[in-house]
There are 2 protein chains.
Amino acid sequence: MPNIAEVAELAGVSTATVSKYLNGVKVKAKNAAAIDAAVKKLNFHPNDFARGLRTNKSMSVGVILPELDNLFFTSIISGVDEILDAQGYSTFVCICRSDPMREKKKLDFLKRKKIDGLIAVPCSDTSDFVKGLEGIPVVLIDRLSGAGNCSCVLSDNFSAAYNATEKLISCGHSKIGVLLGPDSNYTPIERRSGFTAAMSTHMLTPEPQYIKTGAYRIDCGYSMTKELMSLDTPPTAIFATNNELTIGAVTALSELGLIPGKDISLIGFDSDTLAKAMNPALTVMVQNVGEIGRAAANNLLEQIKSESTGRSQIIRVQTEMLEGNSVCSIE
Amino acid sequence: MPNIAEVAELAGVSTATVSKYLNGVKVKAKNAAAIDAAVKKLNFHPNDFARGLRTNKSMSVGVILPELDNLFFTSIISGVDEILDAQGYSTFVCICRSDPMREKKKLDFLKRKKIDGLIAVPCSDTSDFVKGLEGIPVVLIDRLSGAGNCSCVLSDNFSAAYNATEKLISCGHSKIGVLLGPDSNYTPIERRSGFTAAMSTHMLTPEPQYIKTGAYRIDCGYSMTKELMSLDTPPTAIFATNNELTIGAVTALSELGLIPGKDISLIGFDSDTLAKAMNPALTVMVQNVGEIGRAAANNLLEQIKSESTGRSQIIRVQTEMLEGNSVCSIE
DNA sequence: TTTAATAAGTTAACCGATTAACATTATAGC
DNA sequence: GCTATAATGTTAATCGGTTAACTTATTAAA
């Protein structure tokens with residue numbers, strides 16, 4: 001592998017000139033041409049270690065996610081990578097398996113890698129999370145920072161839940177069951193209030209027995225749905241507020257022999273492939289996950305370039321209703 | 001950030017002693033204790049750039065994948081990360097969006113990062129791919145290397161297809177439609193021959209009109225299924241040999257009002273969440289993707305540690321039949 | 001033409017860990 | 001106690017860019 005000294009020699013200039021030129025400083029046209037030629041001839045690429053050692057910058061960003069078994073998280077990576085790659089940044093993907101201890105370790109690891117920025121869906125408390133990250137730009141996804149010292153990108157969860165609920169109400173439903181995630185996550189809070197708001201707008205009181213809370217897991221969606229349907233007066237519609245909960249609800253209903261769109265109404269969240277493959281197709285609220293990732297990356301780049309970590313910004317990404325035939329009108 | 005000199009000073013030894021001790025060379029017990037104490041007190045972590053610059057090793061491996069929109073690829077990352085992380089290696093994930101040019105770029109990028117090893121699902125021709133990778137350990141996933149100069153990890157595609165086909169035959173089916181991926185991929189070839197072998201074992205001749213080939217995409221699975229079902233004598237069973245093709249088949253059949261397990265028999269591939277959520281549940285052949293990732297990582301580590309790149313090894317991972325109720329017996 | 005001001009280029013120190021080559025200390029054998 | 005030998009330590013060069021401090025070349029002004 002050639003080094004900068006060989007390039008300098010071949011081009012007939014000093015290493016400083018080569019370095020400056022390659023980093024955007026103006027040099028005489030003749031020298032520029034000579035350096036270009038030498039770089040090309042030797043197929044020179046600056047050594048990232050040497051550069052990083054000297055500058056303490058890495059041209060890389062870290063991405064910390066709870067899991068990788070889920071298209072929500074992986075599509076974030078896609079979106080982030082799309083933007084960062086185009087700007088010459090590389091990405092360290094870290095999975096913490098929803099374990100705050102591991103998350104802490106990964107964070108240390110990334111700090112040692114001298115990442116220039118961090119994008120994360122933290123699994124620990126956000127204010128704990130951002131501690132010790134002073135001086136490095138951060139974008140949180142799907143959480144609002146309590147500390148307020150970093151940007152956040154989230155779906156407009158309130159509107160998503162509001163619109164879904166209103167859709168059900170407009171079809172005559174008033175006994176609406178909701179499957180919510182745990183309050184330890186951030187999104188369930190917003191989705192719950194979207195639901196409640198839509199209900200009260202239409203003069204309906206949300207009944208506690210119809211509001212189920214549980215982990216964002218398939219089996220929880222499954223059991224919550226079963227519980228709802230075994231009530232004395234079961235709901236006529238169900239709104240599942242997350243991918244796993246939706247799959248669980250679909251499974252439970254089909255086991256009960258209830259066909260969404262015929263025997264009961266169902267609106268899900270994400271799960272778009274499943275939604276389209278089902279018959280009748282499922283109506284779902286889908287998050288624009290690619291856009292979330294891109295927005296996060298763009299904001300991070302801004303922060304890196306302006307060297308302003310203090311500037312916290314909240315970016316909302318709209319959610320789309322993918323209409324199927326799982327909602328039916330009742331009297 | 002403290003450096004090794006500060007540690008050495010605090011411990012009352014030279015930097016060389018600290019470095020050696022931290023890299024596993026024996027030192028006097030008293031010094032070891034002093035170094036441990038100093039490291040702890042200063043919270044010292046060796047600078048990866050400096051180390052990499054000197055050793056030309058990075059303690060990192062690259063992973064190149066065509067896409068990230070697919071649980072097959074992301075679960076590979078999970079499995080790989082699980083093993084490598086435990087050994088102190090970090091992972092560069094690169095997405096080439098099924099574009100050989102981009103793949104080449106990512107490869108250059110990884111070489112510059114001085115990765116110690118590479119795990120890839122190449123989208124370009126495997127023999128082209130491994131060119132220029134001499135000296136760095138490689139494990140290919142889901143492909144066999146023509147060059148034979150690296151290890152490969154694949155599902156036992158032949159058996160998977162053989163067993164699925166035999167299952168359908170044992171239920172009385174002889175008019176079996178198969179949805180296959182393009183011959184430009186590697187797996188369709190193996191899956192096709194598993195199918196053909198099972199047929200001939202049972203004295204059945206595979207009919208060309210029942211064998212459909214197309215891209216691994218949902219819409220292809222959809223249209224191939226429609227084509228099959230509009231034949232004069234449509235098949236009584238369909239075997240979809242990949243996740244996307246399975247989803248496409250499910251969609252097409254439900255659109256035609258045909259219920260798998262009642263009006264037609266269907267065996268899919270992967271898609272296990274969809275398979276379980278459906279009613280009746282779908283019978284699918286599921287690849288053990290986590291194991292594929294782990295096997296790849298373990299083999300890579302072996303290669304890295306033994307410094308034997310030449311040793312090519314082929315590792316087959318078994319596929320499991322997840323039985324649902326989408327296969328029915330006919331006369 | 002000379003001088004001042006500016007542009008462009010060079011030298012060499014530096015980032016922080018590793019390691020070859022050398023120096024010192026500890027242990028064993030007589 | 002005194003070598004010989006093994007074990008452990010130290011010094012200083014090295015990896016390859018970057019950049020502060022300095023020098024030289026060029027242009028503009030007088």
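Below, read A as the first sequence line, B as the second, and so on, with proteins coming before strands; counting in each chain starts at 1.
When atom types are taken as modelled, the side chain of B:Ser58 and the backbone of B:Lys114 share a donor-acceptor pair closer than 3.5 angstrom. Side-chain atoms of A:Glu103 come within 3.5 Å of backbone N or O of A:Cys123 as a donor-acceptor pair.
One interatomic measurement links the two molecules: CD1 of B:Ile4 to P of D:dA12, which rounds to 17 Å at whole-angstrom precision. Atom NZ in A:Lys26 sits roughly 15 Å away from atom P in D:dT26 (whole-Å rounding). Atom pair B:Lys114:NZ and C:dA17:P shows a separation of 19 Å (rounding to whole Å applied). For the pair B:Asn56 CG and C:dT19 P, the computed distance is 11 Å after rounding to whole Å. B:Met1 places its CE atom 13 Å from the C1' atom of C:dG16, with the value rounded to the nearest Å.
For A:Gln287, the side-chain hydrogen bond (donor to acceptor under 3.5 Å, both in side chains) criterion is met by A:Ser155, A:Asp270, not counting sequence neighbours. By the salt bridge (charged side-chain N to carboxylate O under 4.0 Å, His left out) test, A:Lys113 pairs with B:Asp48, sequence neighbours left out. Under the side-chain hydrogen bond (donor to acceptor under 3.5 Å, both in side chains) criterion, A:Arg143 pairs with no residue, sequence neighbours left out. Residues that satisfy the salt bridge (charged side-chain N to carboxylate O under 4.0 Å, His left out) test with B:Asp85, not counting sequence neighbours, are A:Arg102, A:Lys106. By the salt bridge (charged side-chain N to carboxylate O under 4.0 Å, His left out) test, B:Arg112 is found to be paired with no residue, residues two or more places apart in sequence or in another chain being considered. Residues forming a salt bridge (charged side-chain N to carboxylate O under 4.0 Å, His left out) with A:Arg217 (at least two apart in sequence, or on another chain): A:Asp219.
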Scan nucleotides 13-15 of chain C against the protein and return all N/O pairs shorter than 3.5 Å with their distances rounded to 0.1 Å.
unit_1 : atom_1 : unit_2  : atom_2 : d
C:dC14 : O2     : A:Arg54 : NH1    : 3.0

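Using a 4.0 Å cutoff on non-hydrogen atoms, the parts of residues 27-44 of chain B near DNA chain D are B:Val27, B:Lys28, B:Asn31, ordered by number. Taken residue by residue, residues 13-24 of chain A places heavy atoms nearer than 4.0 Å to DNA chain C at A:Val13, A:Ser14, A:Ala16, A:Thr17, A:Lys20.
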Under 3.5 Å donor-acceptor pairs involving side-chain atoms of residues 17-24 of chain B, not counting sequence neighbours:
unit_1  : atom_1 : unit_2  : atom_2 : d
B:Thr17 : OG1    : B:Ser14 : OG     : 3.2
B:Tyr21 : OH     : B:Asp36 : OD1    : 3.2
B:Tyr21 : OH     : B:Asp36 : OD2    : 2.9
B:Asn23 : ND2    : B:Ser19 : O      : 2.7

Quiz: residues 291-298 of chain A side-chain donor-acceptor pairs under 3.5 angstrom, not counting sequence neighbours:
unit_1   : atom_1 : unit_2   : atom_2 : d
A:Glu291 : OE1    : A:Arg294 : NE     : 3.4
A:Glu291 : OE1    : A:Arg294 : NH2    : 3.2
A:Arg294 : NH1    : A:Glu82  : OE1    : 3.4
A:Asn298 : ND2    : A:Arg294 : O      : 3.3

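Using bins of under 30°, 30° to 60° and over 60° for the plane-to-plane angle, the ring pair B:Phe92/A:Phe92 lands in the tilted bin.
Inter-axis angle, ends of the helix from C:dT1-D:dA30 to C:dC30-D:dG1, five pairs per end, rounded to 10 degrees: 40°.
Enclosure of atom NZ in B:Lys104 is not indicated, since only 12 or fewer non-hydrogen atoms of other residues, nucleotides or ligands lie within 6.0 angstrom.
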**Message:** Let's go through A:Leu140 and A:Val121 carefully: what are the C-alpha distance in whole Å and the side-chain angles of both, what is the deciding distance for side-chain contact (heavy atoms from CB on, under 4.5 Å) to 0.1 Å, and is it a yes or a no?
**Reply:** CA-CA 6 Å; A:Leu140 299 185; A:Val121 181; over 6 Å; no
